S.K.: 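Questions regarding the structure given below will be posed in turn.
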Amino acid sequence: MPERLTEMLMDVWTPLIIIWITVLPSIYMAPLNQSEILPSGSSMGLNGLSGEQKVLNRSKRGWVWNQMFVLEEFSGPEPILVGRLHTDLDPGSSKIKYILSGDGAGTIFVINDKTGDIHAMKRLDREEKAEYTLTAQAVDGDTNKPLEPPSEFIIKVQDINDNAPEFLDGPYHATVPEMSIVGTFVTKVTATDADDPVYGNSAKLVYSILEGQPYFSIEPHTAIIKTALPNMDREAKEEYFVVIQAKDMGGHMGGLSGTTTVTITLTDVNDNPPKFAQSLYHFSVMEDIALGEPIGRVKANDLDVGENAKSSYDIIEGDGMDIFEITSDIQTQDGIIRLRKPLDFETKKSCTLKVEAANVHIDPRFISGGPFKDTATVKIVVEDADEPPVFSSPTYLLEVHENAAINSVIGQVTAHDPDVSSSPIRFSIDRHTDLERQFNINADDGKITLATPLDRETNTWHNITIVATETRNHSQVSRVPVAIKVLDVNDNAPEFASEHDAFLCENGKPGQVIQTISAIDKDDPKNGHIFLYSLLPEMVNNPNFTIKKNEDNTLSILAKHSGFSRQMQEVYLLPIIISDSGNPPMSSTSTLTIRVCGCSSDGIVQSCNVEAYVLPIGLSMGALIAILACIILLLVIVVLFVTLRRHKNEPLIIKDEEDVRENIIRYDDEGGGEEDTEAFDIATLQNPDGINGFLPRKDIKPDLQFMPRQGLAPVPNGERKRNCERRWTYIYETINDFIAKDLIYLFNPEINILLMSITAFIY
């Protein structure tokens, strides 16, 4: 009680003391900074000296002043006196005049120009402006001349507790984990006070909780909120509403206060294990259910939320652990039981499983609270269903030789009805897989027989589908794939891999390899092909050629001697017998054509037939066509040239087998001009065909003279022959130039000879 009484007395006397300190110096203001005292009359004496007697002395400040203070929000019937200005130059007369300028001068602050008293005319708010800087100056009352330089001073507005604390960031939201220990940090709040923090206790704040106890507490000076109770459970209460108060004046009586709210939410931790809603589950399922289909769902509830509520399911015991499996539904957190292997009512009619649910994320702080898992029992009853036939094997592989007889048995498939009734089975072939109907099946026992001959070289594999159908219920059908492999037998003779034409040079040497040939066999023996080559019995002692088998299963043809000649024999035929190593062995005879050709010194074939003749030049069929086209074009040019020449030698106009150009008609009179209409007939000139109807003038008799034509002078035979030779020489040079420039790759002496022959023929 004594301490509380002392605080109350301090709250009452502190404002009174502040007012006394502020107002009393303003009323009775004594000089605090006394300037140096000038000699009596010194100031006035300076102004009274004549211009000649003036002495340049530094004037010392004569102001008596200090910082002034004024209380904010002070209001009264009259303006408040802030302070008084006085100079030691003032002898008390009215000749001194005081002037005030600066912040608020004349509006907020007014000075009495005679006494120097400064009054505040308005209420001041420190939060708007804390201090004012003004300038004072003493001037002569008559001349307004400054007596001293101006001086600055400051009027400070003294603070009073007129602003309550405010929470600018409120209301607040915070979270804290559930089950936290006492003193766990929750959040921190902050209040602000607009009053002066360095003067008095107006801005000294103290925080307290008005609502929210006993769950939370707050530090009075730091405003840190902490937990006050241990083990607060989110599952019991998740959200708390806390009211915080901030009070100035250090929390004492008379201080102003402000409040804010803090909503505190407890976040979840994994402090609860999963729990099955029931300890025993019953499910029934048909035996023909498809693999992977869901059979049922189990649910383990967890009071936690989010990641802490996630559980995983496992089958830990039971006689159906290998038949069923359980998975977790991410959305609903259910355990889904699915079929893993086919069910068989005839074999097993029920199964029992023990299912466990366990938390995925476990908080080690709560492990001591018990195992975070639970178990339940699941009983599954299998119900009987009409099942389709079951084959003894999921696939069948059969083998048959390609020379197997028709209706011979290739293999057999078997199937049975798994139901208790055991219906008989009938077999058939899906003809969509055997379009050529090469196989048949016995409907009763499933034996597969051959319907048509097989050829391994045509088709090595045959894939068919066998259908098994119950005779009592035709909707119960099963299918099984059957692969039939056709085995090889030696039924094809070997033959040349390709048609060979060998070329033998006339200048070849004895023992020279003419050609290397290879053979192929459509059969496919297990140990690979081994070919035997031989000549016909009557060709064993062939004087010209011999054969030699190589290690790579090929055959080389060799010449026995040299001196072959195309003039003596151009083509040789060499029959060769090719045999395989099969059982029984197969053989065939192939004939090799050997052509004798002319070759270069390097052994390159140059000419032997049309093809061999062209090959050394390196011409393709397109090049030959281009050459022929050029030759035909030249022939056409020559024919056109000859035709035009003959056409020029014929008369231009022939009438009655008479050359009109050699008949010259001479007239001795002058024409009459345009008025002479009888001189000539203009219609005749316009229509040359009408010349037969030409009528000579009756008044004139022309003299007809037959004169030889100058342009048709006779030409000697020697000269005509020389002109013709020059023309053909020009044509030949043109052809050669064309070949040299545009067909340079075709240039060859033999082609030149050919073109010369064509030119001579045309000539």
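Worth knowing before you read on, the calculation uses all heavy atoms, side chains too, and leaves out hydrogens, waters and symmetry mates. Please read all numbers here as calculations on a predicted model, not as lab measurements.
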S.K.: Charged N to carboxylate O below 4.0 Å: is that the case for Asp140 and Lys145?
M.R.: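 So Asp140 does not pair with Lys145 through a salt bridge.
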
S.K.: Rounded at 0.5 Å granularity, tell me how far OG1 in Thr259 sits from CD in Glu166.
M.R.: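 Atom-to-atom, Thr259:OG1 and Glu166:CD are 11.0 Å apart.
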
S.K.: How close do Ser180 and Val176 get, counting heavy atoms only, and between which atoms?
M.R.: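 That would be OG-CG2, 3.9 Å.
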
S.K.: Could you tell me if Lys341 sits above the aromatic ring of Phe324, with its cationic atom closer than 6.0 Å to the ring centre and no more than 45 degrees from the axis?
M.R.: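 Because its charged atom misses either the 6.0 Å distance or the 45° angle limit, Lys341 does not stack over Phe324.
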
S.K.: If only side-chain N and O atoms count, and only distance matters, is there a donor-acceptor pair under 3.5 Å linking Asp193 with Asn163?
M.R.: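 Result is no, nothing qualifies.
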
S.K.: Nearest 0.5 angstrom please: Thr175 OG1 to Glu239 CD, how far?
M.R.: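 Nearest 0.5 Å value for the OG1-CD distance: 11.5 Å.
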
S.K.: For Asn201 and Asp248, does a side-chain donor sit closer than 3.5 Å to a side-chain acceptor?
M.R.: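 Short answer, no.
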
S.K.: Treating Glu178 as the side-chain partner and Arg234 as the backbone partner, does any N or O pair qualify as donor plus acceptor under 3.5 Å?
M.R.: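 Present.
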
S.K.: Only one of Thr375, Asp374, Ile326 clears side chain to side chain contact (heavy atoms under 4.5 Å, CB included) with Val355; which?
M.R.: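 Of all the options given, the one that passes is Ile326.
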
S.K.: For Pro273 and Asn359, work out which heavy atoms get closest and say how close.
M.R.: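 Heavy-atom minimum between the residues: CA-OD1, 3.9 Å.
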
S.K.: If I compare all heavy atoms of Leu339 with all of Ala290, which pair ends up nearest, and what's the gap?
M.R.: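 Heavy-atom minimum between the residues: CD2-O, 3.9 Å.
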
S.K.: Could you check whether Asn308 and Asp268, counting side-chain N and O atoms only, form a donor-acceptor pair closer than 3.5 Å?
M.R.: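 The criterion, which ignores hydrogens and geometry beyond distance, is satisfied for Asn308 and Asp268.
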
S.K.: Under the salt bridge (charged side-chain N to carboxylate O under 4.0 Å, His left out) rule, what do Arg297 and Asp329 come out as? Steps first, then yes or no, please.
M.R.: CA-CA 10 Å; Arg297 289 173 176 254; Asp329 189 329; 3.1 Å; yes

S.K.: Measuring from atom CD1 of Ile362 to atom CD1 of Ile367, what distance do you get when rounded to the nearest 0.5 angstrom?
M.R.: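 With rounding to 0.5 Å, CD1 (Ile362) is 6.5 Å from CD1 (Ile367).
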
S.K.: Is the side chain of Tyr207 donor-acceptor paired with the backbone N or O of Ile224 at a distance under 3.5 Å, no angle test?
M.R.: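 Side chain of Tyr207 to backbone of Ile224: no pair is present.
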
S.K.: So does Phe345 get a backbone contact from the side chain of Glu287, meaning a donor-acceptor N/O pair under 3.5 Å?
M.R.: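 Present.
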
S.K.: Looking at Ala191 and Ala246, what are the two nearest heavy atoms and their distance?
M.R.: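 Of all heavy-atom pairs spanning Ala191 and Ala246, the closest is CB-CB, 3.7 Å.
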
S.K.: Could you walk me through whether Leu343 and Ile323 pass the side-chain contact (heavy atoms from CB on, under 4.5 Å) check?
M.R.: CA-CA 8 Å; Leu343 296 174; Ile323 302 175; 3.5 Å; yes

S.K.: Any sub-3.5 Å donor-acceptor pair from Thr227's side-chain atoms to Ile181's backbone N or O?
M.R.: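 It does hold such a pair.
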
S.K.: Donor-acceptor check, side chain of Asp304 to backbone of Asn272, threshold 3.5 angstrom: yes or no?
M.R.: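 Checking the backbone N and O of Asn272 against the side chain of Asp304, a donor-acceptor pair under 3.5 Å is found.
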
S.K.: Spell out, as yes or no, whether a donor-acceptor pair under 3.5 Å connects the side chain of Gln137 to the backbone of Ser151.
M.R.: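 No; zero donor-acceptor contacts below 3.5 Å.
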
S.K.: How far does OH of Tyr240 sit from CD1 of Ile264, to the nearest 0.5 angstrom?
M.R.: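 Tyr240 atom OH to Ile264 atom CD1 measures 10.0 Å (nearest 0.5 Å).
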
S.K.: Indicate the atoms forming the closest heavy-atom contact of Phe216 with Ile209, along with that distance.
M.R.: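 Minimum heavy-atom contact is O-CD1, 3.3 Å.
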
S.K.: So, for Ala228 and Ser217, which heavy atoms are closest and what is the spacing to 0.1 Å?
M.R.: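 Closest approach of Ala228 to Ser217, heavy atoms only: CB-N, 4.1 Å.
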
S.K.: Would you check if the side chain of Tyr172 reaches a backbone N or O of Lys188 as a donor-acceptor pair within less than 3.5 Å?
M.R.: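 Not at all, since once roles are kept as given, no pair shorter than 3.5 Å links the two residues.
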
S.K.: Judged by atom type as modelled, is there a donor-acceptor pair below 3.5 Å linking the side chain of Gln278 to the main-chain atoms of Leu280?
M.R.: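 A pair under 3.5 Å: yes.
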
S.K.: Taking atom CD1 of Ile330 as the centre, does the number of heavy atoms from other residues, nucleotides or ligands within less than 6.0 Å exceed 12?
M.R.: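 Not buried by this count: 12 neighbours or fewer within 6.0 Å.
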
S.K.: If you draw the axis of the six-membered ring of Tyr132, does the NZ or CZ of Lys129 fall within 45° of it and under 6.0 Å from the ring centre?
M.R.: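 Ring-cation test returns yes.
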
S.K.: Got a sec: does the CG of Leu291 have more than 12 other heavy atoms crowding it under 6.0 Å?
M.R.: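 For Leu291, atom CG is crowded (more than 12 foreign heavy atoms under 6.0 Å).
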
S.K.: Between Asp319 and Lys348, is the closest basic N to carboxylate O distance under 4.0 Å?
M.R.: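 A salt bridge links Lys348 with Asp319.
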
S.K.: Say whether, by atom type as modelled, one donor and one acceptor occur between the side chain of Asn270 and the main chain of His361 under 3.5 angstrom.
M.R.: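 Side chain of Asn270 to backbone of His361, a donor-acceptor pair under 3.5 Å: yes, one is there.
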
S.K.: Would you please test Ile244 and Val242 for side-chain contact (heavy atoms from CB on, under 4.5 Å) and show each step?
M.R.: CA-CA 7 Å; Ile244 304 297; Val242 180; 3.7 Å; yes

S.K.: To the nearest 0.5 angstrom, please state how far the OG atom of Ser350 sits from the NZ atom of Lys379.
M.R.: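 Going from OG on Ser350 over to NZ on Lys379, the span is 8.5 Å.
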
S.K.: Looking at Lys299 and Thr332, would you say the former's side chain and the latter's main chain have a donor-acceptor pair under 3.5 Å?
M.R.: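 Side chain of Lys299 to backbone of Thr332: a pair is present.
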
